[in-house]
Amino acid sequence: MLQGEGGAGVGRAKMNLHHLTIHQAHQLLKDRELSSVELTKAILERIAQVDEKVHALVTVTEGLARHQAEQADERIRAGDLTPLTGVPALIKDNMCTKGIRTTCSSRMLDNFVPPYDAMVVERLKEAGLVMVGKANMDEFAMGSSTENSALFPTHNPWGLDRVPGGSSGGSAVGVAVGEAIYALGSDTGGSIRQPAGFCSIVGFKPTYGRVSRYGLVAFASSLDQIGSMTKDVTDSALVMNIIAGYDPRDSTSANYPVPDYTKSLVPDLRGLRLGVPREYFVEGMEKGVEVVMRTAIGKLEELGAEVDWEVSLPHTKYALAAYYIIAPSEAMANLARYDGVKYGFSYQEAESMWDAMEKTREFGFGPEVKRRIILGAYALSAGYYDAYYLKASKVRTLIRREFEDAFERFDALITPTSPTVPFKIGEKVDDPLQMYLSDVCTLPINIAGIPGLSVPAGFSDGLPVGMQIIGKPFSEETLLRIGFAYEQATGWQKRRPEI
Ligand code: GLN
């Protein structure tokens, strides 16, 4: 074939390989129009070309990637392939990777090389993983802008002076600019969805327990969840098919059947009832975000969904306060293990054991991590436990019940992912409360343990806006269906930042 779209070879030659989705890359790999070695080379070149501008990667695993690509090509030649075989990926740097430094973007774990793989990494390896690197993040996943990385901030490719969101900012940027075809992130209060929204990619936080946390460095164990960061909804379904499922090594892992998520990708919303909770159109929300959201929800109506614009979830306003008691309390307990003895950084010039521990923690942790540890220690201390932690746990129950009631009437709820577009680097870094407000729309979902999907919904003054689709526990398929129908109808997911 000499010309035109019909020839995959011709099409491929004209294409930027780094902008491929998983399903496009898979098709080319399967048809032998492309090898994993070639694709991996293109991705590594892209990293060399753009990472000095966006700083998304903590570690580039070039040698490993080339080796895994060769292995993937062998599997492909033998006809033994999954949709992820040979497709280059980035892993957030709080998921353990055997033999590869896993820093959590903290000085504390600067030199930590895990002796084992996280369950998700194991699963991806079985599926034919090509890992090109580990992605930058807010230290220990605490933050909303990736500015809390102890290493360096990551820049948003839609405006290099802006934050990419956080804490999975490196993963989001990596996917948006083509430093990987897809990535894994983790989400405790919004860390997959908010950066996905800020970078105009798809971010999926599944139901708590749907994906094993084994080998994920713990932040707040009752809220943490791993999920996918991809260029479109089809890719999210493909990643979920591999990473979801029961794992006896995570005591909160759900022993619940895993469907084929690609079956839910149907481009029509007839028969679905959607609710728009007014509390998510909060004070302080930018006008541009609201305009994009109203248009997006109108589109869902056009696609056949029945939309109730006047839903109320009155306990939403307590979610932020409850989160900032629960998450720091759990973080305080989880981070007690960094004492300079068992893991990572250890202060060597100390005069006594206590001095060594104190100095290790003083120099090993950054300011936001220390703030959380202090908050958590205070909230859990004798005399304050009932007033803070116990109260927050009760609020958590109320929020969960309120969602349960709503899901009696609706198949899903629709909200903005964030109240603002990406803000300027430095703008909120000295004002923790302003920073915490970035997650007002996403953290109630972690508190309730339910799934949330963020899809690109459009742009306000050239900056991305994300739409969040929320459902009841284990309704991942419904969320994917809504996201898929929306992106098929609008095409926002196809826009790539120019860089
Ligand atoms: N930004 C929120 C926090 O700082 C959520 C982070 C996350 O989901 N890991 O806690």
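Here, residue 1 is the first one in the sequence, and each next residue gets the next number. Bear in mind that the values here come from a model prediction, so they are computed numbers and not experimental data. Atoms within each ligand, like the ligands themselves, are counted from 1 in listed order.
- Looking only at protein heavy atoms, the nearest one to atom 5 (C) of ligand 1 is Tyr323 OH, 3.3 Å.
- Considering backbone and side-chain atoms together, Ser191 places an N or O closer than 3.5 Å to an N or O of ligand 1.
- Interface of Phe219 with ligand 1, defined as ligand atoms under 4.0 Å from a residue heavy atom, comprises 9 (N), 10 (O).
- Between Gly143 and ligand 1, at least one pair of N/O atoms sits closer than 3.5 Å.
- Every N/O-N/O distance between Gly166 and ligand 1 stays at or above 3.5 Å.
- Inclusion of Lys92 in the set of residues having an N or O under 3.5 Å from an N or O of ligand 1 is not warranted.
- Expressed to the nearest 0.5 Å, how far CZ of Arg193 lies from SG of Cys441 amounts to 10.0 Å.
- Using a 4.0 Å cutoff on heavy atoms, Tyr436 does not count as a contact of ligand 1.
- Residue-level proximity to ligand 1 for Tyr324 is carried by the side chain, the only part with a heavy atom below 4.0 angstrom.
- Classification of Glu368 and Arg371 as a salt-bridged pair holds, one side-chain N sitting under 4.0 Å from a carboxylate O.
- Remark: ligand 1 atoms within the under-4.0 Å shell around heavy atoms of Ala141 are 6 (C), 7 (C), 9 (N).
- Using a 4.0 Å cut-off between a side-chain N of Lys or Arg and a carboxylate O of Asp or Glu, Arg294 and Glu290 qualify as a salt bridge.
- Crowding of Lys370 atom NZ: a count of heavy atoms from other residues, nucleotides or ligands under 6.0 Å exceeding 12.
- For the pair Arg361 and Asp339, the salt-bridge criterion is not met [side-chain N within less than 4.0 Å of a carboxylate O].
- To the nearest 0.5 Å, the span separating CG on Asp235 from OG1 on Thr262 amounts to 12.0 Å.
- Distance check, rounded to the nearest 0.5 Å: CE of Met142 to OG of Ser106 gives 9.5 Å.
- At least one cation-pi condition fails for Arg372 and Phe365: the charged atom is not both under 6.0 angstrom from the six-membered ring centre and inside a 45 degree cone around its axis.
- Look at Arg372 and you'll find a heavy atom under 4.0 Å from some atom of ligand 1.
- With hydrogens left out, the protein atom closest to atom 2 (C) of ligand 1 is Asp439 OD2, 3.3 Å, a heavy atom.
- Those atoms of ligand 1 that come under 4.0 Å of a heavy atom in Met142, given as number and element, are 4 (O).
- Atoms of ligand 1 lying under 4.0 Å from any heavy atom of Ser167, numbered from 1 in the order shown and given with element: 9 (N).
- Once rounded to the nearest 0.5 Å, the distance linking CG of Leu398 with OH of Tyr318 reads 9.5 Å.
- Backbone and side-chain nitrogen or oxygen atoms of Gly190 are examined, and one is located within less than 3.5 angstrom of a nitrogen or oxygen of ligand 1.
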